[in-house]
Protein chains: 2
Amino acid sequence: MKDVAERAGVSESAVSFALNGRPGVSEATRERVRSVAEELGWRPSTAARALSGEGAATVGLVLARPARTLGVEPFFLQLVSGVQQVLAERQLGLLFQVVEDVAAECAMYEHWWAEHRVDGVLLVDPRAEDPRPDVLASLGLPGVVVGGTEARRGLSSVWVDDAGAMASVVEYLHALGHQRITHVAGLSELAHTQRRMASLRSETERLGLPHVRSLTTDYSDAEGAAVTRRLLDEPDPPTAVVYDNDVLAAAGVAAAAERRLPVPARLSLVSWEDSVLCRMVHPWLTALARDPLALGRVAAEELTRLLDGAPARTAGVPVPRLVVRESTAPPPGGGRDGDA
Amino acid sequence: MKDVAERAGVSESAVSFALNGRPGVSEATRERVRSVAEELGWRPSTAARALSGEGAATVGLVLARPARTLGVEPFFLQLVSGVQQVLAERQLGLLFQVVEDVAAECAMYEHWWAEHRVDGVLLVDPRAEDPRPDVLASLGLPGVVVGGTEARRGLSSVWVDDAGAMASVVEYLHALGHQRITHVAGLSELAHTQRRMASLRSETERLGLPHVRSLTTDYSDAEGAAVTRRLLDEPDPPTAVVYDNDVLAAAGVAAAAERRLPVPARLSLVSWEDSVLCRMVHPWLTALARDPLALGRVAAEELTRLLDGAPARTAGVPVPRLVVRESTAPPPGGGRDGDA
DNA sequence: TCACCGGTTGACATCGATGTCAGCCGCGGC
DNA sequence: GCCGCGGCTGACATCGATGTCAACCGGTGA
């Protein structure tokens, strides 16, 4: 900093004023200082700024999943990528941490807070009985819940309309004539799993579909295949299955192929998440497409808002769109009255 | 810190000495201080430590890929997860950044260095003509090249034996009787792509196989499928194809299915990377299995070594193991002499 | 009795920025 | 000629740790 001040022929105070956009220096000086700093490749030390009350210029993101179930879905990295697009503009860094469970995640927040390491965090995979928002609130650490609903002091949410999306899927399958629909869900603890299950129930009640249920899994291809096999072995198997992610769905396709059950002639399949996986199996999967990149961007924007002192709120992202491909068709027996 | 000193009934100096494991305090006091700090949930501010010369307690990782091609392979998150297992022990944070290209990555390193934001970095996807090691060297920022070879002041590498792995695949296919082998490679700029291509050439020359070549792609399912279709439409199509990653290979399986070409009866396929994808297509893919988690661990260990002042070196990880599944068999015409 | 020793204290400098404040300079207006 | 004002200086405090150093305290051995 001394160097910059010297080279620009001004005092250190002037440099600080100039680069932080505060009044007290002329526009000419400001520009000169800026260009000298650029030329010298100088940037203020984050440590020093953090120490003088500026915050750490970093946001945190903890992913609580056992290592082995990690990284199958493209979803997560896409989300992070969207987050970064926004953070980059503000010169904010992303501190990323993978831990085993939610307890470790809470501990992480406490550590980060105690060390003043992050200014705020992004919270993913919100759960039904989730201790994390309370931890953040009690620490006073700003956060944004991705896929959450609540908004309280220092805690915003980005709301994803799982219920609406589920309704659109059910409506679509019902219009094709399906009566026996099964939902192969993800982890039952997750908030969005419960929302989807609830929406499925209410929608099918509304439409008068009796043979409907949700089965939870751990999102793995193994369970996806196992559940599907079990379903197909039933005396009255479902004619349509909705899977909570692309991995489950792809495993479902494989299981149907094993049983030599033609898709979609005998069984319709829908994936909740559109990714390359959906176009890598045969037949191509009808899928709910959301935009993880955009979700990440919105979440990051909400967080920067909070850091700027804006009040907490709940933002929304567009409802996922159903992309119809080859894996869905009217049920065997042909359409609306076939099965009844 | 004052609070801790007070509660433990000692001076601030004693607290600092105690918690940093330096001589000058009795074991009893050390323990008491430790427990008080624990109890109060106190941790030293990273900013303050960094300022007094301790380093930022953070390592950086930049991923230079366009957002849309991101996150298809499980490989990357597994790697990160392995990295974290080691970093966690040392209370090191991981600053993670996604950028568009290598130039942006170099700029990132310069920024981080200027801001004293990281103590070292992990460099992934090394390239043939790679400017990044030079940038790191000129900055004096310690780094570990994952999948690299060089070791110079402040730059270690974790060596992955692509050549040996390629040799084992070629040997296996040759033993089955394949003569016409095609390698569907990844990005040609990447160092490991070139190593694999070179190894393929030298191995097949050694074995006297003439109909062999490498074709580069961008790793996407789209190109994987397109290249495979083109290959199958040739008058003398290959009898075996080796794909540089799981996504390409899965796309290849799909393309073969489109053409109604039975795998492995008419065409054998091998994936360079074992993941759930390989067990989600039919037939299941024979694959080279490496352990990204272990790779991440080794890389992180090398980096902590460097940070501790150890000299740069090249570490190795085990050669990938070929897992034979359903997608490989002798070529049509049956084995060794069939095609000649 | 005194020197020595490990354990400990307290005061102070240091890291690199920001925040504050009195004061200086030159220029324009009255 | 003087005031006032915008632009700028220079010195000092601050953030929260670490590093250093002289000095102190109680116990032991000479």
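A quick note: this is a predicted structure, and the numbers were derived from the prediction, not measured. Values below: every heavy atom of this structure, side chains too, minus hydrogens, waters and symmetry copies. Proteins come first, then strands; the chains are lettered A, B, ... in the order of their sequence lines, and each starts at number 1.
- The side chain of A/Ser16 contributes an N or O atom lying less than 4.0 Å from OP1 or OP2 of C/dT18.
- For the pair A/Met1 CE and C/dG19 C1', the computed distance is 11 Å after rounding to whole Å.
- Less than 4.0 Å separates DNA chain C from at least one heavy atom of each of the following residues of residues 51-60 of chain B: B/Leu51, B/Ser52.
- Donor-acceptor pairing under 3.5 Å is lacking for the side chains of A/Ser45 and B/Arg117.
- Between A/Asn20 atom CG and C/dG16 atom P there is a gap of 17 Å when expressed in whole angstrom units.
- Between its opening and closing five pairs, the helix from C/dT1-D/dA30 to C/dC30-D/dG1 changes axis direction by 50°, a value rounded to 10 degrees.
- Residues forming a side chain to side chain donor-acceptor pair (under 3.5 Å) with A/Arg297 (at least two apart in sequence, or on another chain): A/Gln85.
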- Item | Under 4.0 Å protein heavy-atom contacts per nucleotide of nucleotides 5-12 of chain D, with B for base, S for backbone only and - for none | --SBSBB-
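- Contact annotation: the side chain of B/Val62 approaches that of B/Trp112 to within less than 4.5 Å [non-hydrogen atoms, C-beta and beyond].
- Every residue was checked against the side-chain contact (heavy atoms from CB on, under 4.5 Å) condition with A/Glu129, not counting sequence neighbours, and none meets it.
- In this structure, B/Glu38 places its CD atom where only 12 or fewer heavy-atom neighbours from other residues, nucleotides or ligands lie under 6.0 Å away.
- Rounded to an integer number of Å, the gap from NE2 of A/His116 to C1' of D/dG16 is 9 Å.
- Rounded to whole Å, the distance from CG on A/Leu40 to P on C/dG16 is 15 Å.
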- Between A/Glu105 and A/Arg132, does a salt bridge (charged side-chain N to carboxylate O under 4.0 Å, His left out) hold up when you go through it step by step? CA-CA 8 Å; A/Glu105 183 173 342; A/Arg132 295 172 293 168; 2.9 Å; yes
- Message: Show, in sequence, the C-alpha distance, side-chain angles and deciding distance for A/Ser13 and A/Ser16, and conclude whether the side-chain hydrogen bond (donor to acceptor under 3.5 Å, both in side chains) test is met.
- Response: CA-CA 5 Å; A/Ser13 316; A/Ser16 180; over 6 Å; no
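- OP1 or OP2 of D/dG19 lies within a sub-4.0 Å distance of a side-chain N or O belonging to B/Arg22.
- Atom-to-atom, CZ of B/Arg49 to P of C/dA17 comes out at 20 Å; the value is rounded to the nearest Å.
- Proximity of B/Asp291 to B/Val317: side-chain heavy atoms (C-beta onward) are nowhere separated by under 4.5 Å.
- Shown here are the salt bridge (charged side-chain N to carboxylate O under 4.0 Å, His left out) partners of B/Glu301, two or more places apart in sequence or in another chain: there are none.
- Distance B/Glu6 CD to C/dT9 P: 13 Å, rounded to the nearest Å.
- No donor-acceptor pair under 3.5 Å is formed between the side chain of A/Arg49 and the backbone N or O of A/Ala57.
- Atoms CG (B/Leu19) and C1' (D/dG16) sit 14 Å apart, rounded to a whole Å.
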- Item | Working for salt bridge (charged side-chain N to carboxylate O under 4.0 Å, His left out), residues A/Glu110 and B/Arg43 | CA-CA 10 Å; A/Glu110 275 157 10; B/Arg43 319 196 100 213; over 6 Å; no
